[in-house]
Amino acid sequence: MAKYTALEVLTAAGVENPESIFGKLGISIGGIVVNTPNHLINIVGDSKVNVRVGKESIDIDMPEREEVSEAVKAAIVEKGNAATEDFAARHPERFEAKD
Amino acid sequence: MATFTWYLQGTSPTTIDATDIVQFAGSGGFDTKVTVGEYNDTTHVKSSGGANDSSGNTPNNNKFISQTGGTAGDSQGDWGDGTEDIDQILTSECALKINFSDASSVITESAVFYAYDGSTTTSAPTGVTFVAAEQGDANWTAAEGSGSAVSITDDTAATSHDYYLLASVSPDSVGLKDAFTLRIELTYS
């Protein structure tokens, strides 16, 4: 299993200017509809993934990787920031301020 | 038929059956109390008849330490090796493994995990603070009620999907806390 962002997969698929197509063309990766560049996807099972952009379709290989990429880390941090904001609002008495 | 199978991981996994209880307990082990404001030191599977089903399996425990006290604002937890950033936890160290399987190879999307009061999925569990995270997350989520669930990463197609989750609980007041149910939801196709 390997975790990728949608943008990483589109880039690997050779899509030109991938950042610019979100919100303009229908995109699916491995059958999963994606709408944002930092949409995280686990590639499980077969490493071959079908990428559809509009009417174009291509199968690419997204290999296993041990390291978490900077793009994936950024998406995880964004998720974490939202979770922390919610935690602080729900449980202010338990939330400690970070210096 | 699509099936969920829940496990409390440990040196050996303990299958959590539909009528079992996931018990978050104190440092004294099975059936011991957690001090108000403190988080679980042990986790167990208790049968509907009261037996310790995870006995002998050295079940994993994930304990909340801080929300932002780790590196660059990461959350911290303790799963037996001392305090660490939760993004350092291995899949084998997570307390919960939930497997979703189907005879067909299917994708899974919009998977979420949370606790609720056992009656209304939008309602937080009663009398506890519950936090959870997917393995790889940098921060705990106060996953109380469906509106505050942990979002689980979408999976491409497979006949079997494993979700590794950290879970930690703290009582807000004294007394048994059992208006408290864990739930996973997802869409598959």
Side-chain angles (χ1 to χ4, degrees), chain A residues 1-6 9 27-36 38-52 59-62 64-69 72-99, chain B residues 37-39 64-76 85-87 91 100 105-111 124 128-145 147-164 170 172 187-189:
Chain A
M1 184 173 75
K3 192 170 289 188
Y4 289 88
T5 66
V9 177
I27 305 167
S28 73
I29 296 172
I32 297 166
V33 173
V34 299
N35 296 306
T36 58
N38 63 353
H39 186 128
L40 290 175
I41 297 169
N42 278 329
I43 311 295
V44 300
D46 193 348
S47 62
K48 278 231 178 309
V49 177
N50 178 259
V51 178
R52 289 180 181 269
D59 291 332
I60 62 169
D61 189 56
M62 298 300 296
E64 288 271 349
R65 60 184 185 184
E66 292 293 325
E67 291 292 316
V68 176
S69 70
V72 169
K73 279 184 196 171
I76 289 171
V77 166
E78 186 176 335
K79 176 184 178 184
N81 288 342
T84 294
E85 193 174 321
D86 181 70
F87 183 97
R90 287 171 163 271
H91 299 287
E93 72 288 355
R94 290 181 179 266
F95 177 72
E96 84 290 333
K98 179 180 178 294
D99 290 329
Chain B
E38 300 295 321
Y39 288 82
F64 174 95
I65 299 297
S66 78
Q67 183 60 16
T68 60
T71 308
D74 285 356
S75 292
Q76 297 171 303
D85 290 359
I86 67 166
D87 63 2
T91 55
F100 176 77
S105 184
V106 295
I107 66 169
T108 63
E109 299 176 276
S110 305
V128 298
T129 296
F130 176 75
V131 292
E134 183 187 11
Q135 188 270 337
D137 281 353
N139 296 97
W140 296 101
T141 295
E144 302 162 330
S148 300
V150 173
S151 297
I152 296 170
T153 307
D154 295 344
D155 276 1
T156 56
T159 57
S160 179
H161 301 261
D162 290 326
Y163 307 108
Y164 296 94
S170 171
D172 297 330
T187 300
Y188 70 98
S189 60

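Values below: all heavy atoms of this structure, side chains included; hydrogens, waters and symmetry mates excluded.
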### Task
Pick one of side chain, backbone, both or neither for Lys3(A), based on which atoms fall under 4.5 Å of a heavy atom in chain B.
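When you check distances to chain B, only side chain atoms of Lys3(A) fall under 4.5 Å.
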### Query
In a check of side-chain contact (heavy atoms from CB on, under 4.5 Å) between Phe87(A) and each of Thr68(B), Thr141(B), Val131(B), which one passes?
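Going through Thr68(B), Thr141(B), Val131(B) one by one, the side-chain contact (heavy atoms from CB on, under 4.5 Å) with Phe87(A) is satisfied by Val131(B) alone.
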I need the residue from [options] with the largest number of non-hydrogen atom pairs under 4.5 Å to chain A.
options	result
Val150(B), Thr129(B), Thr159(B)	Thr129(B)
Ser160(B), Ser148(B), Gly37(B), Ala138(B)	Ser148(B)
Ala133(B), Ala157(B), Ala142(B)	Ala142(B)

### Message
Quick check: closest heavy atoms across Asp154(B) and Ile32(A), and the distance to 0.1 Å?
### Response
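Looking at all heavy atoms of both residues, the shortest contact is OD2-CG2, 3.4 Å.
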### Task
Of all the heavy-atom pairs spanning Arg94(A) and Asp172(B), show the shortest one and how long it is.
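Nearest heavy atoms, Arg94(A) then Asp172(B): NH2-OD1, 2.9 Å.
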### Task
Sort Asp162(B) into side chain, backbone, both or neither according to what part of it lies under 4.5 angstrom from a heavy atom of chain A.
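Asp162(B) has no heavy atom closer than 4.5 Å to chain A.
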### Query
Using non-hydrogen atoms only, which part of Ser170(B) is less than 4.5 Å away from chain A: side chain, backbone, both, or neither?
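Answer is both: backbone and side chain atoms of Ser170(B) are under 4.5 Å from chain A.
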### Task
Walk me through it: do Glu144(B) and Asp86(A) pass the test side-chain contact (heavy atoms from CB on, under 4.5 Å)?
CA-CA 11 Å; Glu144(B) 302 162 330; Asp86(A) 181 70; over 6 Å; no
### Query
With a cut-off of 6.0 Å (strictly less than), are more than 12 heavy atoms of other residues, nucleotides or ligands near CZ of Arg90(A)?
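Yes - once you tally the heavy atoms of other residues, nucleotides and ligands closer than 6.0 Å, there are more than 12.
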### Task
Among Ile43(A), Val44(A), Val72(A), single out the residue with the greatest number of heavy-atom pairs under 4.5 Å to chain B.
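That would be Val44(A).
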### Message
Quick check against the 3.5 Å criterion: does Lys79(A) have a side-chain atom that pairs as donor or acceptor with the backbone of Ser151(B)?
### Response
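Yes; judged by distance alone, with no hydrogens or angles, the pair exists.
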### Message
Any non-hydrogen side-chain atom of Asn139(B) less than 4.5 Å from a side-chain atom of Glu85(A)?
### Response
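Side-chain contact under 4.5 Å: no.
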